[in-house]
Amino acid sequence: MIENGRPVVLRRGTVLTMNDAHEILRDADVLVVGEEIAGVGQNLDVPEGTYEIDASDGIVMPGMIDTHRHMWQTALRGYGADWTLSQYFVFFYLEWGKIFRPQDVAAGNMLSAIESLDAGVTTTVDWSHGLQTVDHADAAVDALESVPGRFVLAYGNIQQGPWEWSTSADFKSFVERRFGSKNDMLGFQMAFDVTGDPAFPEQEAFKVARELDVPVTTHAGVWGATNDDGIRLMHDHGFMGPTNIYVHACTLTDDSYHRIAATGGSASVSTESEQSAGQGYPPTWQLRKHGIPVSLSMDTSVWWSGDLFCAMRTTLGADRSREHLEAHAKQETVTNHHLRAEQVVDWATRGGSKALGMDELIGSLEAGKKADVVLVKNETSPVMFPVLHPYGHVAFQAQRGDVHTVLVNGRVVKHEGKLVGIDLGRARAAIDETVEFAQTTIGDAWEGGMHPEVPERQVRVNPYQYTEWGKVK
Ligand SMILES: [Zn+2]
């Protein structure tokens, strides 16, 4: 048993420091004392009573950072597996999003928060756009605070215009009450989209964000939803800056990418989401041409689970896939990939810490930073050896089940493959109640909501079908 507050050392691992030089240390230790990393190196001297974790044959890396997840939707985990973005919008924005009560938002948040820790995601941005009332917001925050991870509440409300909820007295007093003092474990952003309405009503919300001095995160460049107009309006009105996060940023023109790059903002890329839902082609192949910083995100577990191993893997694949496709269209062959495994591991760690303005605190394993540490190690897995290319191993070989130990802010929250001090039973009871409520309320539409119509299939006429197989031996 590792008591809170006891120093911890991870011994003899392959350490991906993710420091500026991207140093990899073999057979090295990471020492955690209190909330911080006290040392990284070989054969570290440690204080008496330090708990030792054998990291040999494992990879020690910084906790991963998800910069955009609608955590409340985890309550309906997997329900939308066959959806497109259109069905998602109809379900949550138009028809059923409003039935979610504060306790339902809390249930989803709690499960999603626990899921993050299990997968080595130590910081998660809760892109919380189901906050119809301040009671919902309090419930969302209570749930996040009940789980020992690092979170950022990105406050949103799809049932109202951002100019409405952000200017309400309720919202302002909530922010003061819950976020009045600085807290490294729970940050704050405002979350809303810019539709491109020439009157730019969203500017009122941007003004509130500026007043409160909080970042704005926005779905930008989403096929059929947001486009260059939103970027142009934000830019022309002076609301684009380095703290802005542009989620997806898929279907934008060079002009918008130039504006994002010039103002120092970053993109949150949700490759799995973009591939399935249809926001646009996962944009890293564009973003890297413009030098736009990237972080990774999972978007929503109504489709897929929330772990960044999947994000790294699919992002590498999508980027390379596009590169090959573009080359083949010109009868060319890609002989050397642009995007490397090392880069996506950076996006999953440093990319996130930079996007959130938390790079001084987290994102790398360096003495003095907060101890958000992940050990990827699984002695019973045939996939965990040999570890020849550590970045490649993290991006293409490892998965959530290989997350052996996780520390957040110096506290061990997962060890030997099991969550520590987490009440999964409580989360399950809350989820059960929400699912039952949703199912009852949605009624007859519940089944159909899960199984959208399949378009008519037409099998092409195949000229090779003249052969009568029965006659050929
Ligand atoms: Zn989203």
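One-based numbering, in listed order, for ligands and for the atoms of each.
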Tell me whether the Zn ion (ligand 1) has H68 as a neighbour, meaning an N, O or S atom of it below 2.8 Å.
yes
Pair H129, N157: side-chain N/O donor-acceptor within cut-off below 3.5 Å:
no
Does W163 CH2 have over 12 foreign heavy atoms under 6.0 Å away?
yes
Between OD1 of D299 and NE2 of H219, what angle is found at the Zn ion (ligand 1), rounded to 10 degrees?
170°
Salt bridge between D184 and R150, side-chain N to carboxylate O under 4.0 Å?
no
The Zn ion (ligand 1) to nearest N/O/S of H70 less than 2.8 Å
yes
For H338, enumerate each residue passing the ring pair (Phe, Tyr, Trp, His ring centres under 6.0 Å) test, keeping only those at least two apart in sequence or located in another chain.
none
